[in-house]
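Below, chains carry the letters A, B, ... as their sequence lines are ordered, and counting in each starts from 1. Please read these numbers as outputs of a predicted model, since none were measured by experiment. What's counted below: heavy atoms across the whole structure, side chains too, no hydrogens, waters or symmetry copies.
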Number of protein chains: 2
Amino acid sequence: MATTTAAQKRAQEKMAYDAFVAACPSRKLLDRISNKWVTLILAALGSLEVDEGCAGGPRSMRYSELSRLLAGVSQKMLTQTLRSLERDGLVTRTVTPTVPVTVTYELTDLGLSLHEMMRGIKAWAETHMDDVLANRDTYDGRVA
Amino acid sequence: MATTTAAQKRAQEKMAYDAFVAACPSRKLLDRISNKWVTLILAALGSLEVDEGCAGGPRSMRYSELSRLLAGVSQKMLTQTLRSLERDGLVTRTVTPTVPVTVTYELTDLGLSLHEMMRGIKAWAETHMDDVLANRDTYDGRVA
DNA sequence: CAGGATCCCGCTAGATACTG
DNA sequence: CAGTATCTAGCGGGATCCTG
């Protein structure tokens, strides 16, 4: 049918992907980025540079720096998560052939757009921790 | 010590919680909210009302509505996730003793603040799906 | 330093069946 | 309608050992 109404076009553009639909690829993508390590890594990259308003920094970090900053992360999860982020084009991996080798991870522009949100999520968790804790006490008290 | 400098106070307030620290409670909270179903449920609640700019809507939804909107979610995960959200004070659960019973879930003010971010995450996944897909093709092509 | 490879445990998502 | 209860397969993720 060559007859496509404006409403149909609009609907197609707006609904190209919908994470509420189980089969939609964006559901899987949402599952990937809704992940503790993804959130922390994306929040970490570039976070050092923006400490005092230096927004134009290189937003990159070395493997060992990440490993130290994200306390408690295993090498496996760190590497695994970084790989998936690299595959999705959110970070770039750069190997500098020094001795020993130096590997840096840097946010791409795509990754940067998500970085903002992840910092927001992390900040939310930190600033509302007390509220949540209080709510849990209330809830548990009511049940018990 | 009664002598607390302004800088100390400021540092204490700012760093009260840090999700980069493994033992910090906010790390666990971050893990909870960095979850597919949490994201989808929080993004869903109130999403119907704001469709056309009605921001003051009741931002509530019935169990069955959520179940239908979040295609593919099992009752177990839906109930379980809703319980944890209720416990953390992000949603309220209201039982109306009709026949059969009606249960509605509504965002609290705390939940609303996270709702905004979750909608952002969901929208990000949907709008950047094509970019990510293209990046994966490039990456897989380079490796293969 | 920055991983790769393996083993293995625990939890949790998902399916199924039942209920007030 | 809105759950609860139970079971199980699968994998997320930690620990350990090894390498260029």
- Task: Return the value, rounded to whole Å, for the distance between atom CG of L78(B) and atom C1' of dA15(C).
- Result: 16 Å

- Which residues, if any, of residues 83-93 of chain B bring a heavy atom under 4.0 Å of DNA chain D? R83(B), R93(B)

- Message: To check you understand the geometry: which heavy-atom pair defines the closest contact between R27(A) and A71(B), and what is its length?
- Response: NH2-O, 2.8 Å

- Item | Taking every non-hydrogen atom, the tightest pair across L40(A) and A19(B) | CD2-O, 3.9 Å

- Do any pairs count as a side chain to side chain donor-acceptor pair (under 3.5 Å) and have a residue in residues 93-104 of chain B, sequence neighbours left out, and if so which ones? R93(B)-Y105(B), T98(B)-T102(B)

- the helix from dC1(C)-dG20(D) to dG20(C)-dC1(D): angle between end helix axes, five pairs per end, rounded to 10 degrees: 60°

Extract from the structure each pairing of a protein N or O with an N or O of nucleotides 8-14 of chain C at less than 3.5 Å, listing the distance.
residue: dA13(C); atom: OP2; partner: Q80(B); partner atom: NE2; Å: 3.4
residue: dA13(C); atom: N7; partner: K76(B); partner atom: NZ; Å: 2.9
residue: dA13(C); atom: N6; partner: K76(B); partner atom: NZ; Å: 3.4
residue: dG14(C); atom: OP2; partner: W37(B); partner atom: NE1; Å: 3.4
residue: dG14(C); atom: O6; partner: K76(B); partner atom: NZ; Å: 2.3

- Within the pair T79(A) and dG3(C), is there a side-chain N or O less than 4.0 Å away from OP1 or OP2? no

- Task: Flag yes if M129(A) and L110(B) sit in one hydrophobic cluster, no otherwise; membership is Ile, Leu, Val, Met, Phe, Trp, Tyr, and two members link when side-chain heavy atoms are under 4.5 Å apart.
- Result: yes

- State, to 0.1 Å, how close S34(B) and I121(A) come at their nearest heavy-atom pair, and which atoms those are. OG-CG2, 4.5 Å

- Task: May I ask you to evaluate whether Y105(B) reaches the phosphate of dG3(D), defined as a side-chain N or O under 4.0 Å from OP1 or OP2?
- Result: yes

Within the sub-3.5 Å range, which N or O atoms of nucleotides 18-20 of chain C have a protein N or O partner, and how far apart are they?
none

- Message: Side-chain N or O of R62(A) versus OP1/OP2 of dA2(C): is the shortest distance under 4.0 Å?
- Response: yes

- Separation of atom CG in D31(B) from atom P in dG12(D), rounded to whole Å: 13 Å

- Query: According to the salt bridge (charged side-chain N to carboxylate O under 4.0 Å, His left out) rule, which pairs have a member within residues 32-42 of chain A, sequence neighbours left out?
  - Reply: K36(A)-D31(B)

